[in-house]
Amino acid sequence: MAKLTVQNLKNLAGKKVLMRVDFNVPIKDGVIGNDNRIVAALPTIKHVLKENGRAVLFSHLGRIKKEEDKKELSLAPVAKRLGELLGQEVIFVPETRGAKLEAAINDLQDGQVLMVENTRFEDVKNGEVVKLESGNDPELGKYWASLGDDLFINDAFGTAHRSHASNVGIASNVDQAAAGYLMEKEIKFLGDAVDTPKRPFVAIIGGAKVSDKIEVVQSLLKKADKVIVGGGMAYTFDAAKGNKIGNSLFEEDKVQTAKDLMAEAGDKLVLPVDSVAADAFSNDAKTEVVDAEAGIPDGYMGLDIGPKSVKLFQDVLNDAKTVVWNGPMGVFEMENFAKGTLAIGEELVKVTEKGGTTIVGGGDSTAAVQALGVADKLSHISTGGGASLEYLEGKELPGIASLTNK
Ligand SMILES: Nc1ncnc2c1ncn2[C@@H]1O[C@H](COP(=O)(O)OP(=O)(O)OP(=O)(O)O)[C@@H](O)[C@H]1O
Ligand SMILES: O=C(O)[C@H](O)COP(=O)(O)O
């Protein structure tokens with residue numbers, strides 16, 4: 001990577017090292033649903049502590065749109081969890097600026113960790129939406145940068161597609177802005193996959209959001225040998241073919257794009273040939289397996305790929321050497337519609353066992369491979385949802401671009 005990295009930062013005694021992490025974890029009533037993103041940042045934090053630095057951590061949590069959101073979205077439980085994982089105290093300061101925060105940072109000793117309150121608290125002031133953090137307010141970035149000793153480490157790959165004061169803003173106001181280990185690892189896996197993949201390279205795009213992902217399909221068609229589209233995404237393509245899709249997920253304004261893509265891609269684009277259709281969005285619904293060409297009956301919706309599609313996709317994946325996967329093949333949260341996603345997950349395990357590289361990105365896709373017990377048998381589980389998609393699209397991510405060139 002042509003950017004400064006954390007390996008370049010040694011002997012940090014006496015230095016206040018500002019760090020951006022992505023601790024935007026699922027949280028409800030103060031209970032963390034999944035701490036993957038905290039665990040993933042540990043190597044970089046430990047590096048700073050081992051080099052005797054004083055770590056000052058910044059992260060956002062959720063989206064703050066009104067004053068009351070702040071009650072639910074304090075980083076206090078996250079700081080506590082980080083302390084447990086590190087096996088040492090994490091000093092939590094429930095402020096994003098001011099004398100109390102400054103004093104706590106100045107009192108830090110070598111090898112200590114401090115966590116600042118949710119950076120997006122700066123998005124709402126006295127009930128007014130001001131977006132100082134998520135709008136990358138220049139004064140805020142400068143202020144946060146002034147709290148450290150001109151050293152910044154950005155390990156928040158999941159936030160790299162956002163231009164915030166706490167990533168781009170701080171980076172632009174310090175001498176040295178380096179990528180952390182997680183950032184480096186994510187860029188290595190995703191970058192190698194799209195830029196120098198071992199072939200055949202197969203991309204799988206599923207999930208629910210056609211409008212978010214159709215450009216990713218478009219861009220991957222230029223790079224991959226095959227692009228499989230499954231999940232709720234597929235029905236807009238089916239509709240574009242003129243197949244009946246019943247009440248399945250559908251984005252009418254993307255039909256023309258889907259038509260154009262199919263015409264351009266030919267057999268590079270692989271679509272499901274059958275579905276498990278249900279008469280309600282429920283695990284107890286009445287189900288039927290129907291061929292795509294026969295169409296989904298009125299009153300039914302496609303909630304999983306069918307057995308013929310599973311076989312078709314397995315054949316495509318059989319000799320793959322690189323696979324990138326974003327978005328489940330069906331409503332995997334309901335047991336009766338999880339089979340397609342599980343079958344693809346198991347196929348990816350085989351690809352990995354044969355020496356191939358398999359990468360999964362996206363919040364729900366990650367949850368799916370974890371729930372199905374295959375996550376640790378794949379090459380890389382990305383901590384980025386939107387960030388990994390934008391990376392695959394070939395977009396420049398501001399969080400990465402703002403780091404210091406080597
Ligand atoms: N056929 C379908 N009909 C309705 N919903 C579906 C269907 N197939 C999958 N889904 C739903 O799609 C959701 C996941 O889609 P999504 O596009 O958000 O993927 P993701 O992995 O979270 O990616 P990202 O984090 O990038 O948004 C799941 O909740 C799943 O139930
Ligand atoms: O979870 C994510 O994708 C990142 O933390 C970014 O969060 P955001 O979509 O709220 O900007």
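Read the numbers this way: they start at 1 and go in the same order the structure lists the ligands and their atoms. If you read the sequence from its start, that first residue is 1, and numbering goes on from there.
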If the criterion is any heavy atom closer than 4.0 Å to an atom of ligand 1, which residues make the list? Gly207, Ala208, Lys209, Lys213, Gly231, Gly232, Tyr235, Leu249, Gly302, Leu303, Asn326, Gly327, Pro328, Gly330, Val331, Glu333, Gly362, Gly363, Asp364, Ser365, Gly385, Leu389
When distances are taken from atom 7 (O) of ligand 2, the protein heavy atom at minimum range is His60 NE2, 3.3 Å
If you apply the rule salt bridge (Lys or Arg N to Asp or Glu O under 4.0 Å), what do you find for Asp274 with Lys308, and how did you get there? CA-CA 6 Å; Asp274 61 352; Lys308 288 183 196 162; 5.4 Å; no
Electrostatic pair Lys350-Glu353, nearest N-O below 4.0 angstrom: no
Is there at least one pair of N or O atoms, one from His161 and one from ligand 2, spaced under 3.5 Å apart? no
Sequence-distant partners of Val351, side-chain contact (heavy atoms from CB on, under 4.5 Å), two or more places apart: Val323, Thr358
Ligand 2 to Asn24, heavy atom cutoff 4.0 Å, flagged ligand atoms 1 (O), 2 (C), 4 (C), 5 (O), 7 (O)
Quiz: residues 252-260 side-chain donor-acceptor pairs under 3.5 angstrom, not counting sequence neighbours:
unit_1, atom_1, unit_2, atom_2, d
Gln256, NE2, Asp260, OD1, 3.0

Any atoms of ligand 2 less than 4.0 Å from a non-hydrogen atom of Asp22? List them with their elements. 4 (C), 5 (O)
Among Arg63, Arg37, Arg162, closest by any non-hydrogen atom to atom 10 (O) of ligand 2: Arg63
Could you note down all residue pairs passing side-chain hydrogen bond (donor to acceptor under 3.5 Å, both in side chains) where residues 194-210 supplies at least one of them, sequence neighbours left out? Arg199-Asp225
Quick one, Glu68 with Lys66, criterion salt bridge (Lys or Arg N to Asp or Glu O under 4.0 Å). Give me CA distance, side-chain angles, the key distance, then yes/no. CA-CA 6 Å; Glu68 300 84 82; Lys66 50 187 183 326; 5.0 Å; no
Identified side-chain hydrogen bond (donor to acceptor under 3.5 Å, both in side chains) counterpart of Glu133 within the set Asn167, Thr119, Asn118: Thr119
Among Ala156, Gly385, Gly158, Ala160, which residue places a heavy atom closest to atom 4 (C) of ligand 2? Gly158
CA sep, side-chain torsions, deciding dist, call: Lys10, Glu51, salt bridge (Lys or Arg N to Asp or Glu O under 4.0 Å): CA-CA 6 Å; Lys10 300 245 155 100; Glu51 295 295 329; 5.4 Å; no
Structural part of His164 in contact with ligand 2, heavy atom criterion under 4.0 angstrom: neither
Pairing donors with acceptors under 3.5 angstrom, does anything connect the side chains of His47 and Gln7? no
